[in-house]
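Right, one structure below, let's go through it.
We number each residue from 1, following the sequence as shown.
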Amino acid sequence: MAATNKTTITRRTLLAGASGTLIASRVWAQQQPAEVKVGLLVPISGLYARPGTVMREGAEMAVDHINAQGGVKALGGAKLKLVVLDSGDTTEKAKNAAQRMVAQESDLVAASGAYLSSFTLAVTEVTERANLPVLTLSYSDLITDRGFKYVFQTSATAGSQARQALPQIIKLAETASGKRPKTVAILTDNTAASIASAKSMREGLLAENQLQLIVDETFTPPLADATSLVQKIRSAKPDLLFFLPTVISDAKLLLEKMNEFGLGQGKVPTISFGIAIAEPDMLQTVSPELLQGVLTCVASWGAKGHEALIAELKTRYKEPWMTQNAISTYGDMWVIKDALEKAGKADRVAVGEALRTMDAGPSKYYPLGEIRFDEKGRRVGAGMTIVQWQSGVPVTVFPPELALAQPFWPKN
């Protein structure tokens, strides 16, 4: 009888334990969100709508891929839900959109944005106060020079990009032409990223590379007429022209005017910083022949290892190639997903802490470096990409391990 009682008690204990475990599992599952909201604050209207639209495409692809692969496993397979907000085409509109975002979408755990550095500077003043983590590909060094805890720069800063790119451009020119460039011109708009790139060149980088600045002009976008700027280039005859636009129409206007004045097609080698000069819309009015050989230095680009993503973007959205806007924003969604896995809960403060302490190994969707952030919020070891127009397509030519084509120097 005692043995029977003991057996009965043991079975009851086991059943009770199993029942308790089952109940606990159900409670845990019920506590997990069915979906987790992630924000994307980019220009969908106005002057910068095209790059903003491509950023949305990259984010949508990533969210679909993440959800198809089981969602956030630490949250019971919760799916990501993308919330897209329009930053518009001015700093004031971008700031207002950020204020609406934190007020109306209080359950966002993180966000990506806001394309133009000027917009990102304004937006992150708002999101920082709301403890909302923001990942950005915007270049300006100022973005992560303010001591903010919730801003994470996945791209190399503008100053860093210029330091990395300039020696490579000089080497390319010297190898191809047999002579080292000595003089340069800078034409830049007055947006934050462009100013930051030009600032590093003006304040020592050119001198370090034995280059003399002989033309230095700053303009406000959009340009109405590029004639006076191009006349200064024609008079000075620099060995290199650094052209830093952020508006596609400005890039078109200058290249067309240079061709009209007999300076196009490599007669004055043109190097840009940023995406405007490599957007697909350039081909609407500028011929592939006029663009041939033009270089631009960008935070990221569709490169070796991204072939399947490039093909999907082409098929799904009819995009002719994968710009930094698509690939970087695609990467942002994966970084946020990894932060949620690390945090173990859909909480923006916890996600921010997970990002600050993240060490996810070598970068896959941004050039070089690690998926790890330093004390400023800058991605550790972030590299940059040099893209060159070749046969009507801007292709990655640097760094060599990511290159899809060999670079060449335009023939004078």
Value for NZ (K237) from OG1 (T183), rounded to nearest 0.5 Å, stands at 11.5 Å
Item to check | Trace of the side chain to side chain donor-acceptor pair (under 3.5 Å) decision for K342 with T357 | outcome: CA-CA 9 Å; K342 189 173 188 294; T357 57; 2.7 Å; yes
- Message: Is there a side-chain contact between P133 and F152 in this structure, where contact means two heavy atoms from C-beta onward sitting under 4.5 Å apart?
- Response: yes
*Under-4.0 Å salt bridge between K37 and D107*: yes
To the nearest 0.5 Å, atom CG of L402 lies from atom OG1 of T396 at 7.5 Å
Report task. Taking only Lys NZ, Arg NE, NH1 and NH2, and the carboxylate oxygens of Asp or Glu, determine whether E341 and K337 approach each other closer than 4.0 Å. Result -> yes
Point to revise | Student check: side-chain heavy atoms of Y365 and H306 closer than 4.5 Å | key: yes
Worksheet item: Is R316 paired with E57 through a side-chain N to carboxylate O contact shorter than 4.0 Å?
Response: no
So do D250 and F219 actually touch side chain to side chain, heavy atoms under 4.5 Å? yes
So do T246 and L116 actually touch side chain to side chain, heavy atoms under 4.5 Å?
yes
**Message:** Against the six-membered ring of Y150, is R356 placed for a cation-pi contact (under 6.0 Å from the centre, within 45° of the normal)?
**Reply:** yes
- Do the side-chain N and O atoms of D189 and S194 include a donor-acceptor pair separated by under 3.5 angstrom? yes
Here the pair of heavy atoms bringing P33 nearest to A346 is CG-CB, 4.1 Å
Under 3.5 Å side-chain donor-acceptor pair for S117 and S140:
no
CG of L313 to CD1 of I327, rounded to nearest 0.5 Å, is 9.0 Å
d(S197 OG, R163 CZ) to nearest 0.5 Å is 10.5 Å
Verify side chain to side chain donor-acceptor pair (under 3.5 Å) between Q231 and S235, making sure each step is shown before the conclusion.
CA-CA 6 Å; Q231 284 175 335; S235 298; over 6 Å; no
- Side chains of Q153 and Y139: do they bring a donor and an acceptor to under 3.5 Å? no
TODO: Assess the side chains of T329 and R56: does a donor N or O sit below 3.5 Å from an acceptor N or O?
DONE: no
**Message:** A side-chain contact here means heavy atoms from C-beta on lying under 4.5 Å apart; do W409 and P269 qualify?
**Reply:** yes
For Q104, the side chain to side chain donor-acceptor pair (under 3.5 Å) test, sequence neighbours excluded, returns none
Applying side chain to side chain donor-acceptor pair (under 3.5 Å) to Y317 and E312, what does each step give before you reach the verdict?
CA-CA 8 Å; Y317 296 106; E312 181 177 344; over 6 Å; no
*Would you call K232-E217 a salt bridge at under 4.0 Å N-O?*
yes
**Asked** Can T144 and R378 be counted as having a side-chain donor-acceptor contact under 3.5 angstrom?
**Response** yes
Problem set entry | N190 and T220: CA distance, side-chain angles, deciding distance, side chain to side chain donor-acceptor pair (under 3.5 Å) verdict | CA-CA 6 Å; N190 58 4; T220 299; 2.8 Å; yes
In terms of heavy-atom contacts, T385 and S300 come closest through OG1-CA, 3.6 Å
* Asked: Is there a side-chain contact between L121 and I143, using heavy atoms and a 4.5 Å cut-off?
  -> yes
Q: Before giving the answer on ring-ring contact (aromatic ring centres under 6.0 Å, His included), spell out for Y330 and H65 the whole-Å C-alpha distance, their side-chain angles and the decisive distance to 0.1 Å.
A: CA-CA 10 Å; Y330 181 92; H65 292 171; 5.6 Å; yes
Taken to the nearest 0.5 Å, the spacing of E319 CD from T53 OG1 works out to 8.5 Å
Legend entry - Pairwise side-chain contact, L187 with I233, heavy-atom cut-off 4.5 Å (strictly under): yes
To the nearest 0.5 Å, atom CG of L291 lies from atom CD1 of I277 at 7.5 Å
> Considering only heavy atoms from C-beta outward, does the side chain of I271 approach that of L240 to under 4.5 Å?
Replying inline: yes
Residues pairing under salt bridge (Lys or Arg N to Asp or Glu O under 4.0 Å) where one sits in residues 83-98, two or more places apart or in two chains, turn out to be D89-K93
